[in-house]
Number of protein chains: 2
Amino acid sequence: MAATIRDVARASGVHVSTVSRSFSAPHLVNDTTRSRVMAAADALGYRPNRAARALTTGRTLNLGLVVADIANPFFPPLIKAAQAHARSGDYHVFVADADEDPRAEEELIRTLTKQVDGVVLCSPRLSNEVIVRLAADVPFVVVNREVDGLPSVLMDVARGARLAVAHLRALGHTRLAYLGGPSGSWTSRQARAAAGIPVIGPNQPTAQGGADAAEAVVAAGVTGVLAYNDLVALGLVEGLAALGVRVPEDVSVVGVDDILPGRLNRPKLTTVAMPTEAAGRTAVDLLLGAADGPVTLPTAFIVRESTGEAPR
Amino acid sequence: MAATIRDVARASGVHVSTVSRSFSAPHLVNDTTRSRVMAAADALGYRPNRAARALTTGRTLNLGLVVADIANPFFPPLIKAAQAHARSGDYHVFVADADEDPRAEEELIRTLTKQVDGVVLCSPRLSNEVIVRLAADVPFVVVNREVDGLPSVLMDVARGARLAVAHLRALGHTRLAYLGGPSGSWTSRQARAAAGIPVIGPNQPTAQGGADAAEAVVAAGVTGVLAYNDLVALGLVEGLAALGVRVPEDVSVVGVDDILPGRLNRPKLTTVAMPTEAAGRTAVDLLLGAADGPVTLPTAFIVRESTGEAPR
DNA sequence: CTGAAAGCGCTAACAT
DNA sequence: ATGTTAGCGCTTTCAG
């Protein structure tokens with residue numbers, strides 16, 4: 001059995017409360033006493049039991065991070081940054097994958113609630129009402145969604161979308177389309193509104209979704225497309241290739257996210273880069289009270305190889 | 001404040017122990033009593049506090065999952081599968097990113113120990129000795145590494161490597177090389193030994209690592225290469241392109257892992273597919289005692305577009 | 001089948 | 001500066 005605070009107390013000849021204080025309020029205990037305590041703790045390999053501590057303090061030092069789909073390359077950098085940042089504040093993070101299912105998402109949050117000091121909800125599939133209701137039980141920070149009264153971390157897709165459309169227009173494209181994402185998606189709504197171009201979709205937010213849309217794109221006679229995200233864009237490129245349509249010679253494609261596969265792809269994807277790492281860190285800051293209110297993070301427009309002059 | 005077991009007891013007119021039993025040992029309590037308790041619990045929105053429960057039972061119903069780098073596309077499918085499987089047993093999972101740093105890895109494990117019933121160590125960068133020492137405090141399952149006395153989940157890279165080499169030979173390639181990974185990597189050692197071809201490396205297990213190796217590959221006059229993983233392979237393809245060398249016309253490249261970027265890439269990567277989802281599930285099973293001993297999972301060799309006939 | 005009581009590991013008043 | 005005590009929310013003997 002692992003050493004408890006009592007073992008340390010016995011070994012160092014002080015009361016348990018002194019040991020407790022040595023760890024959680026060092027300044028309240030005599031230097032020499034404390035060093036004796038610490039020595040004993042070290043020798044025994046003692047580490048405070050965080051769960052037990054949480055029971056009295058009410059703070060678990062745990063955070064929940066609920067994402068729509070871990071396997072979506074958009075999330076890992078966010079998770080990684082959030083986790084690293086949380087660690088620096090001595091927090092652990094539960095990562096929960098909702099598998100794009102609102103019901104799973106809700107259940108996950110419910111069971112996590114008691115065990116964390118707050119949860120970061122990334123690209124939730126849940127309705128705002130449900131989110132607000134759940135927020136009564138535990139502090140929330142929502143990423144990629146505006147929910148009344150809750151702190152959120154947003155990314156400025158609107159600006160990215162405008163830049164993308166301007167870029168395509170500058171290349172001579174006149175027939176443009178937005179390949180929309182899932183109907184509930186905040187990001188999709190933002191981008192669509194900002195782009196102000198005809199919409200094809202909704203589509204599955206996956207490569208398959210993009211591939212499936214290839215025919216519709218060709219049928220519409222479109223030469224420049226802004227896709228819901230990089231995955232869709234990548235799928236579209238693939239689908240177009242299968243139809244004998246080349247990117248960027250025949251059709252220019254812009255993605256959103258700047259995920260790794262887009263950078264490795266050939267042609268390398270032109271994209272609206274989302275600040276995922278910053279979002280992860282910011283969300284944690286909001287949760288821990290180190291920052292305030294809704295934050296909108298800037299996006300960047302990155303021109304690579306999937307866009308080119310309009311065919312004539 | 002959230003409802004506690006005491007609130008439920010009061011509301012349903014029974015003792016707390018009866019409420020407790022209603023949840024954790026339903027068969028020990030009268031049907032009608034229990035339904036009364038459950039109704040009250042429901043009305044109050046009561047959920048047992050898992051941390052408090054853990055204090056008495058010693059079981060946290062939490063698992064730790066330590067990975068070398070969440071942002072490496074190899075891990076997310078494994079994490080996702082492990083997490084989903086854990087959930088089905090009512091377990092939550094802490095995901096910890098060691099950021100390829102052995103010291104961070106150790107610290108992460110240490111702080112997690114008390115809070116979990118077991119930890120899955122994926123592709124650890126830690127030495128076997130340290131792992132064994134840490135294993136004294138908490139059940140371990142190690143993925144992609146053999147550690148004496150610890151249950152592990154292995155993937156049969158050796159067979160995959162042999163298949164890859166045979167495939168390249170059958171295409172007429174005679175000058176082959178293995179682009180090795182980090183020196184501490186179990187997978188790298190396995191593949192190298194099984195491939196039985198000259199080694200170039202070690203290399204960083206990233207796309208950059210692969211790109212950096214392009215010159216050496218060309219200098220060696222190699223026409224068929226098996227890379228440490230898909231990321232390295234993808235980077236190599238990129239690096240070769242920059243040197244004017246085409247894949248697969250001039251050089252054939254085989255990766256390992258079967259990550260998403262390889263499937264989306266053009267040319268699509270020929271690869272040794274690793275059973276990541278199965279590994280995630282199996283690791284959890286081993287941890288929860290639902291399965292035994294070291295398990296070696298089969299790999300699959302998938303021919304796609306990055307390999308072709310040797311140039312003549 | 002249910003109640004009473006002790007205790008898990010720790011912290012937080014309150015004393016001293 | 002340190003010891004005493006109570007108690008966080010829950011489970012688990014032990015009685016009844």
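Both backbone and side-chain heavy atoms feed into the values below; hydrogens, waters and symmetry mates do not. Protein chains get the first letters and strands the later ones, always in sequence-line order, with residue 1 at the start of each.
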When the nearest nucleotide of DNA chain C is assigned to B/T56 and to B/R34 on a heavy-atom basis, which residue is associated with the more 5' position?
-> B/R34

Once the angle between the rings of B/F94 and A/F94 is folded into 0 to 90°, is it parallel (under 30°), tilted (30 to 60°) or perpendicular (over 60°)?
-> parallel

Please work out if [X] contacts a base, only the sugar-phosphate, or nothing of the nucleic acid, heavy-atom cut-off 4.0 Å.
X: B/V14; answer: sugar-phosphate
X: B/S20; answer: base
X: B/T18; answer: sugar-phosphate
X: B/F23; answer: nothing
X: B/S17; answer: base

Nearest whole angstrom, please: distance from the [atom2] of [N] to the [atom1] of [X].
X: B/R50; N: C/dC8; atom1: CZ; atom2: C1'; value: 18 Å
X: B/R53; N: C/dC10; atom1: CZ; atom2: P; value: 21 Å
X: A/R47; N: C/dC10; atom1: CZ; atom2: C1'; value: 17 Å
X: A/H27; N: D/dA1; atom1: NE2; atom2: P; value: 10 Å
X: A/K114; N: D/dC8; atom1: NZ; atom2: C1'; value: 13 Å
X: A/R10; N: C/dG9; atom1: CZ; atom2: C1'; value: 13 Å
X: B/L28; N: C/dT2; atom1: CG; atom2: C1'; value: 11 Å
X: A/R59; N: C/dC10; atom1: CZ; atom2: C1'; value: 15 Å

Nearest to the side chain of [X] - [options]?
X: A/T57; options: C/dT11, C/dG9, D/dT2; answer: C/dT11
X: B/H15; options: C/dC10, C/dA4, D/dC10; answer: C/dA4
X: A/L55; options: C/dC1, C/dC8, D/dG9; answer: D/dG9
X: B/I5; options: D/dG9, C/dC10, D/dC10; answer: D/dC10

Taking for each residue the nucleotide of DNA chain D bearing the nearest heavy atom, is the 5' side occupied by B/N49 or by B/R21?
->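 That would be B/N49.
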
All heavy atoms of A/D69 vs all of A/E100, minimum pair found to be CB-OE2, 3.9 Å

If you look at every heavy atom in A/F74 and A/M274, which pair is closest and at what distance?
->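 Heavy-atom minimum between the residues: CE1-CB, 3.9 Å.
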
Under 4.5 Å between any side-chain heavy atoms of B/H92 and B/T60, yes or no?
-> no

Backbone N or O of B/D101 within a donor-acceptor pair of the B/D99 side chain at under 3.5 Å?
-> no

